Amino acid sequence: MCGVVGIVGFSPVNLALYDALTVLQHRGQDAAGIITLDGDNFRQRKANGYVRDVFEQKHMRRLKGNIGIGHVRYPTAGSSSAAEAQPFYANSPFGIALAHNGNLTNARELKLLCEQARRHVNTTSDSECLLNIFAWKLSACDKAVPAPEDIFKAVHGVNAVVQGAYAVVSLIIGVGLVAFRDPFGIRPMVLGSRINEEGKTEYMVASESVALDVAGFKLLRDVQPGEAIFITKEGKLHSAICADNVRLQPCIFEYVYFARPDSIMNGVSVYAARVRMGTKLAQQIQRDYKDLDIDVVIPIPETSCDIAVQIARMLGKPYRQGFVKNRYIGRTFIMPGQKQRKKSVRNKLNPIPAEFAGKKVLLVDDSIVRGTTSEQIVDMAHEAGAKAVYFASAAPEIRYPNVYGIDMPTAKELIASGRDLEQIRSEIHADALIYQSLGDLEDAVREENPELKDFETSVFTGKYITPGVDEEYFAYLDRQRSDDAKADKAWNESSEDLELYNI
């Protein structure tokens, strides 16, 4: 999971890109990058680290231009080295830069296509592979400046051979900005606009609407599944559906965990969806867990806070902030490496003993993935004096790996894989365990936009909506995604801070 942004304006966009990336930081904390288009030259800065650390004043001054794209990275398979920070760049045709949110499930086959097209992929990143496929398809255009139909034909060619989840922003020298979304709309992307002081319309695309808000853009709509948005360097917008058999089937985990609550995606307020998740969970507790004598409802901050407030309200129980969060520790779910995740839990959360001592506590979290975090939090609640600790998850049991850009690892690392409810409860040391049903979760998101008929829910069901996700692919994924594999890659690769292209 990553965050992307692109802006076409009539004044420098570097600060707006920076501001947008800071509010998308929750989508990726491993690396950040910006490329702007300054006449016929790219200006770039990218490196490992948080947005605030990657971009110093000297870098911002060099990021000249009225058009630009940005990216925050969250690594899944592959490497966390600075060499794989985005955006990526290819010099032919025209000069193309590209950033990508998602994961390509046929990246190995695409690399073979790149070789056949005599295009070199320098890293293990599927995003660089996607860049070269797009460049290859665009190279069929023999014009000095591609027309909209040439851009859309190239994107159609990409969609015809690429499988997986992808929301893409791209710059083309002398041409403008291109953004496109996979035919299922698995990963989110929104389009916004604003009118500048001269009355001209400027455009922005981003992973979440909150990025539009901070930059002063108004949300127009979502980029549709299989749609390409082309904004010329003069600021004229064109759009077209560039894929066959498109069907909106967004990743439901965006609403559970990844997106900010103040974002709107696919016509749904993330905050409102989470409140409804709390409603559904409270109804389940009232129906199926009447014997639980709950004294207090405590969220595991921060994603679950809105869910827990609603549960407490419906159950008529006190809501308390029983954990103090260290806001200078990143999101433990998206940290690379199990040892780092385990260490970070204790550094990130500290219980307030008075809220636990002698009480039967209902802890509320958005999900349970590996179970390590949940186990430590339950143990902390017991150590703080809780008489009983019940645990409620806003998401169903996660039994299968995610292949569309979320680092939900191999099945053997998932606590729910091969275990029933009682076994999971025992593993995390809870006195009771409550999971949201998949039907209730889908309804909680769908109620605000009934046109959302289906969702990407493979981590719960094991049903993958793109072809080629089979046992052989999972064996390959195991080799790429395991913590040991990532450690080996980190050992062998340089983490040198890269400063490229006119820096």
Side-chain angles (χ1 to χ4, degrees), residues 1-9 12-36 45-57 59-60 63 68-74 85-87 99-102 167-169 177 179 187-194 202-223 250-251 253-266 268-274 301-303 305-306 325 327-335 366 405-406:
M1 190 71 62
C2 301
V4 297
V5 60
I7 300 175
V8 176
V13 296
N14 53 351
L15 290 178
L17 289 168
Y18 176 90
D19 289 341
L21 291 183
T22 60
V23 297
L24 294 176
Q25 186 76 84
H26 60 286
R27 301 187 66 87
Q29 302 170 5
D30 187 68
I34 290 175
I35 284 185
T36 57
R45 165 66 178 173
K46 62 177 182 176
N48 278 357
Y50 287 89
V51 174
R52 65 172 183 257
D53 299 321
V54 169
F55 300 101
E56 301 176 16
Q57 188 177 59
H59 305 125
M60 298 302 295
L63 291 170
I69 59 175
H71 184 270
V72 286
R73 183 181 66 182
Y74 150 70
Q86 298 186 43
H100 159 230
N101 171 31
V168 175
V169 290
L177 182 146
R187 299 269 71 87
M189 179 173 280
V190 294
L191 171 68
S193 69
R194 69 182 180 189
E202 301 176 321
Y203 292 100
M204 178 175 180
V205 290
S207 294
E208 296 184 30
S209 64
V210 66
L212 306 179
D213 299 337
V214 74
F217 285 76
K218 179 181 178 181
L219 174 65
L220 295 177
R221 61 179 177 86
D222 294 274
V223 177
C251 172
F253 213 74
E254 288 277 358
Y255 299 94
V256 173
Y257 176 81
F258 265 100
R260 274 182 44 149
D262 45 345
S263 284
I264 298 172
M265 299 185 307
N266 303 303
V268 176
S269 160
V270 176
Y271 170 79
R274 288 178 183 163
E302 291 181 329
T303 314
C305 290
D306 301 326
K325 179 182 177 182
R327 299 181 185 276
Y328 300 98
I329 299 291
R331 302 181 92 178
T332 53
F333 176 84
I334 64 176
M335 286 183 174
D366 50 74
I406 302 177

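No experiment lies behind these values; they were computed from the predicted model shown. The first residue in the sequence is number 1, and the count goes up from there.
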Holding to side-chain contact (heavy atoms from CB on, under 4.5 Å), I want the full list of residues that pass it with Gln57, two or more places apart in sequence or in another chain.
Arg61

CG/Leu63 to CG/Asn14 distance, rounded to the nearest 0.5 angstrom?
6.0 Å

Is any side-chain heavy atom of Phe55 closer than 4.5 Å to one of Leu21?
yes

Just wondering, do Val169 and Met189 contact through their side chains at under 4.5 Å, heavy atoms?
yes

At what distance, to the nearest 0.5 angstrom, does OG of Ser263 lie from CD of Glu254?
9.5 Å

Check whether any side-chain heavy atom of His100 sits under 4.5 Å from a side-chain heavy atom of His71, and report yes or no.
no

Just by distance, do the side chain of Gln25 and the backbone of Val51 share a donor-acceptor pair under 3.5 Å?
yes

Partners of Ile264 by side-chain contact (heavy atoms from CB on, under 4.5 Å), sequence neighbours excluded?
Ser209, Leu219

How far apart are the C-alpha atoms of Asp262 and Asp213, what are their side-chain angles, what is the distance that settles it, and do they pass the side-chain contact (heavy atoms from CB on, under 4.5 Å) test?
CA-CA 10 Å; Asp262 45 345; Asp213 299 337; 5.6 Å; no

Parallel, tilted or perpendicular: ring planes of Tyr74 versus Phe258, cut at 30 and 60 degrees:
tilted

The criterion is salt bridge (charged side-chain N to carboxylate O under 4.0 Å, His left out); which residues satisfy it with Glu208, sequence neighbours excluded?
Arg27

Do any N or O atoms from the side chain of Lys46 and from the backbone of Ala85 form a donor-acceptor pair under 3.5 angstrom?
yes

Is the closest side-chain heavy-atom distance between Leu177 and Val205 below 4.5 Å?
yes

Could you walk me through whether Tyr257 and Ile406 satisfy the side-chain contact (heavy atoms from CB on, under 4.5 Å) test, starting with their C-alpha distance in whole Å, then the side-chain angles of each, then the deciding distance to 0.1 Å, before giving a yes or no?
CA-CA 11 Å; Tyr257 176 81; Ile406 302 177; over 6 Å; no

Quick one: salt bridge (charged side-chain N to carboxylate O under 4.0 Å, His left out) partners of Arg52, sequence neighbours excluded?
none

Could you pull out all residues at least two apart from Pro261 that satisfy side-chain contact (heavy atoms from CB on, under 4.5 Å)?
Tyr271, Arg274, Asp306

Would you say the side chain of Asn48 lies within less than 4.5 Å of the side chain of Asp30, judging by non-hydrogen atoms?
yes

Closest non-hydrogen atom pair, Val72 against Cys2
O-CB, 3.1 Å

Side chains of Val4 and Val168: closer than 4.5 Å at any heavy-atom pair?
no

Rounded at 0.5 Å granularity, tell me how far CG in Leu17 sits from CD1 in Ile35.
11.0 Å

Less than 4.5 Å apart, side chain to side chain, heavy atoms only: is that true for Ile34 and Arg45?
no

Verify, without hydrogens or angle tests, whether Asn101 (side chain) and Ala167 (backbone) share a donor-acceptor contact under 3.5 angstrom.
no

On a heavy-atom basis, which atom in Ile69 and which in Ala99 lie closest, and how many Å separate them?
CD1-N, 4.2 Å

Give me the atom names and distance for the closest heavy-atom approach of Met265 to Pro188.
SD-CB, 3.5 Å

Could you walk me through whether Ile7 and Glu202 pass the side-chain contact (heavy atoms from CB on, under 4.5 Å) check?
CA-CA 8 Å; Ile7 300 175; Glu202 301 176 321; 5.7 Å; no

State which residues pass side-chain contact (heavy atoms from CB on, under 4.5 Å) with Val268; sequence neighbours excluded, sorted by chain then number.
Tyr255, Ala273, Arg276, Val445, Glu448, Asn449, Leu452

Could you tell me whether the side chain of Met204 reaches within less than 4.5 Å of the side chain of Val5, counting heavy atoms only?
yes

